[in-house]
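Worth saying up front: this structure is predicted, and the values here are computed from it rather than measured.
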Amino acid sequence: MRLFYTLMTSFLLCLSFTTARANDLTESQRLIGAYNTDDIASSGMGFPGYDLGTVRVGNVLTPDKWQEYKGGKIIAIRYADMHPGKVSKLFFAPVKSNGSTGSDLFSVNVSGAVQGWNTITLPTPITLPTDGKSYMLGLEYTQDETMEGGDYTDACKPLSLISSGNTLRMYGNLKADYGGTGLGWYDFGYYDVSVQLIIQLANGGAEALKPADFGIVSALKGNSGTLNLTVTNTGTKSLKSFSYITTIDGTAQPEATLTLDDSLKAATSTTCNIPLPAYNEPAKRAMTVEVTKVDGTENTWSEKTAQGYYATVSQYYDRNVLIEEFTTEYCTNCPAMAKALAQALAELKSNRLNVVAHHSGYDTDWLTQPCDEDMLWLFVTNKISAPNLMIDRQPYFTNDEGNDDNIFHPNNSNEIKQVVNYELAQPTNAQLQLTLTPGDDASEVVATVKGTCNEAFDTDSQRLTFYLTEDSIKAHDQAGADENYIQNHVIRYYNSSWGDNITWTGNTFENTFTINLNSDWKKKDLTAVAVINRYDGKDKLNSTISNAAFATLPPTATAIQQLSQEANRAITGIYNAAGNRIQNVQKGLNIIKYADGTARKVMIK
């Protein structure tokens, strides 16, 4: 059972942090938990008022939390207690596919706890799991219900919970009166419970460095390349240099040594530039980088080889940019954001730029589509709100917690233009072409999307998303605006929230969408948007847009026939303002050429 509950406001006291005493880890020990610092809550929390009795509380940890410590052993577990005497057990248990937990990998009883951090050493160290499963790390306690003067006492709030983007899970007997279905697991907001494992590294040597896999790196044919390699100091002391061997398509390059600008402390990471050779023949080549030595001494880390690909490409493509706007009619500040966005679009004057509005983030409204609510998953933190923007869903931003983020809350149009101009300048590995062909009776339109990619494009991870949006829709009741407010970029049709899988033929594909046009939609205000995007259900920051294409709905065949009939002569060609021949008339200036050699300029608004 996965119901979602919010901790009652009267107990929501965990808004600022205090630092407990510093942990006494040695250089060869590490912390593993939902968070890995000494922070504890400034005030206790709990679940009084639900009549729960004995409760289990924890966070799900995915195996990447301990992957880099492979072979390490759990030697102790610690937790922060805000009111000693209520917590009875700490546990670490595998998570089943249905969200429940299996038998504890281990559990320890708690006694004689003090307020603050408490550390319990395991009698026998336990090797970190290698089964690829996620595990629940948490505690068991008795929920007190004592009240004094109309308020719950401190005994009701023994938990240290840190506000975060992680889901807090609670196992207890939540009765139907409170929206539950009895004994089971429930989601209770976004918090990290203060429980952490203490592990002993398997590699006790001081010199250890782990390089991270790097995906696909590219360079134009005839040009050398650069690999931005992330390395983590998994040893027990700071390091200044490392040696490595790059192997491309089975051919090893000579060992090279890289000296860091600053010493890299234990348990920290940095990104280094690794030079790569030039190739004249476009191809995607398998590549590895093995870190052989650390400060001149053999690298003792077991996973010392990073893998990926090095692609020599024949060309890059210009990038078209999609801005996604979170807005609703209940949002008082959304009209101001829409105004800044409209100003930025007008000043940028780019045909390589468009907008899709998601009516979500601050409640929903009459224009909300299911995909708009699905997009809220991309919020890195639990602070889901509107107005906000995304620029190609790129993680260019830093949130209030100091972490990378793909959500952007600009203060003015200049900030929007700055990010958009940067993104427009970034070359990309794929391009899209989008054409719209209306039916004769104007009741449907067929969208044809053609894609092309270079040798560096990861075709396996990309999807195709299609939107049809409408401008100039009169709002029903927009907060923060008058009765004449207009909604723009509203989604009228979409294929799927995260896009359809693409079937490639070599380096190209072609997809078509047939859209039935609602008679209420104003066809002159419709815009089609196609994007090729990645969707990573485990990493919100890895769900970016690679490129986009835009097209406005052309007039129907009947409209073109009307232009011919008005002139009483056959049309032999239609051209845009640049003199390029086009299939149908489009928004802006069109030059119509007739069979008798004459021409006519037609402006379509």
Side-chain angles (χ1 to χ4, degrees), residues 320-329 334-335 337-360 365-369 371-372 387 389 434-449 465-478 481-495 513-531 548-560 562-563 574 576-577 582-590 602-605:
N320 297 325
V321 174
L322 180 67
I323 300 175
E324 292 172 276
E325 175 188 14
F326 289 97
T327 183
T328 69
E329 292 203 350
C334 285
M337 176 71 81
K339 181 178 179 181
L341 179 56
Q343 181 179 345
L345 294 175
E347 293 174 356
L348 285 164
K349 299 178 181 178
S350 175
N351 61 1
R352 294 166 50 205
L353 173 65
N354 223 305
V355 181
V356 167
H358 298 296
H359 279 251
S360 59
D365 59 31
W366 65 288
L367 296 172
T368 301
Q369 297 274 9
C371 67
D372 297 332
L389 303 180
L434 171 61
T435 58
L436 301 178
T437 305
D440 290 341
D441 61 356
S443 65
E444 69 176 29
V445 63
V446 177
T448 302
V449 185
T465 306
F466 179 86
Y467 300 103
L468 187 67
T469 67
E470 184 179 358
D471 290 341
S472 303
I473 300 174
K474 191 176 186 304
H476 281 181
D477 186 15
Q478 176 64 56
D482 62 28
E483 61 183 10
N484 298 315
Y485 188 78
I486 297 298
Q487 302 284 4
N488 291 315
H489 321 298
V490 175
I491 297 173
R492 291 306 202 183
Y493 168 90
Y494 67 100
N495 62 330
F513 302 94
T514 301
I515 304 102
N516 294 319
L517 301 177
N518 189 303
S519 59
D520 293 334
W521 301 347
K522 300 183 294 296
K523 297 177 181 59
K524 67 181 180 63
D525 294 322
L526 296 176
T527 299
V529 177
V531 298
F550 321 114
T552 54
L553 191 67
T556 63
T558 303
I560 297 174
Q562 182 178 355
L563 287 171
I574 305 173
N576 60 21
I582 54 180
Q583 184 177 2
N584 295 298
V585 290
Q586 59 187 20
K587 284 186 179 181
L589 180 64
N590 299 265
V602 177
M603 179 65 71
I604 303 294
K605 296 183 178 180

Specify the closest pair of heavy atoms between Val531 and Ala548, including all atoms of both residues, with the distance to one decimal. CG1-CB, 3.7 Å
With sequence neighbours left out, what residues match Ala475 under side chain to side chain contact (heavy atoms under 4.5 Å, CB included)? Glu329, Gln478, Tyr485, Gln487
Could I get the full list of side chain to side chain contact (heavy atoms under 4.5 Å, CB included) partners for Ala447, not counting sequence neighbours? Leu434, Leu436, Phe466, Phe513, Ile515
For His489, what residues pass the ring-ring contact (aromatic ring centres under 6.0 Å, His included) criterion, not counting sequence neighbours? none
With a 4.5 Å limit on heavy-atom distance, are the side chains of Thr527 and Thr552 in contact? yes
Are any of the side-chain heavy atoms of Val445 and Leu526 separated by less than 4.5 Å? no
Quick one: closest heavy-atom pair of Phe326 and Cys334, and the distance? O-SG, 4.2 Å
Decide if atom NZ of Lys349 counts as having more than 12 heavy atoms of other residues, nucleotides or ligands within a radius under 6.0 Å. no
Sequence neighbours excluded, the answer for salt bridge (Lys or Arg N to Asp or Glu O under 4.0 Å) partners of Glu444 is none
Can you check whether Leu553 reaches Trp521 side chain to side chain, under 4.5 Å on heavy atoms? no
Any side-chain heavy atom of Met337 sitting closer than 4.5 Å to one from Thr327? no
How close do Tyr467 and Glu324 get, counting heavy atoms only, and between which atoms? OH-OE2, 4.0 Å
Flag for His359-Asp372: side-chain donor and acceptor within less than 3.5 Å: no
Non-hydrogen side-chain atoms of Asn354 and Thr469 separated by less than 4.5 Å: no
Shortest non-hydrogen contact from Asn488 toward Ser472: OD1-N, 2.8 Å
Only counting residues at least two apart or in another chain, list the ones meeting salt bridge (Lys or Arg N to Asp or Glu O under 4.0 Å) with Glu470. Arg492, Lys522
Find the distance between CG (Asn351) and CZ (Phe550) and round it off to the nearest 0.5 Å. 9.0 Å
Which residue in the set Leu367, Val356, Leu468, Thr368 passes side-chain contact (heavy atoms from CB on, under 4.5 Å) when paired with Ile491? Val356
Residues in side chain to side chain contact (heavy atoms under 4.5 Å, CB included) with Thr448, at least two apart? Thr435, Val446, Lys450, Glu510, Thr512
Mind checking the CG-CD1 spacing from Asp471 to Ile473? Nearest 0.5 Å is all I need. 8.0 Å
Taking every non-hydrogen atom, the tightest pair across Tyr494 and Gln369: CE2-OE1, 3.8 Å
Quick one: pull up CG in Asn516 and OH in Tyr493 and give me the separation to the nearest 0.5 Å. 9.0 Å
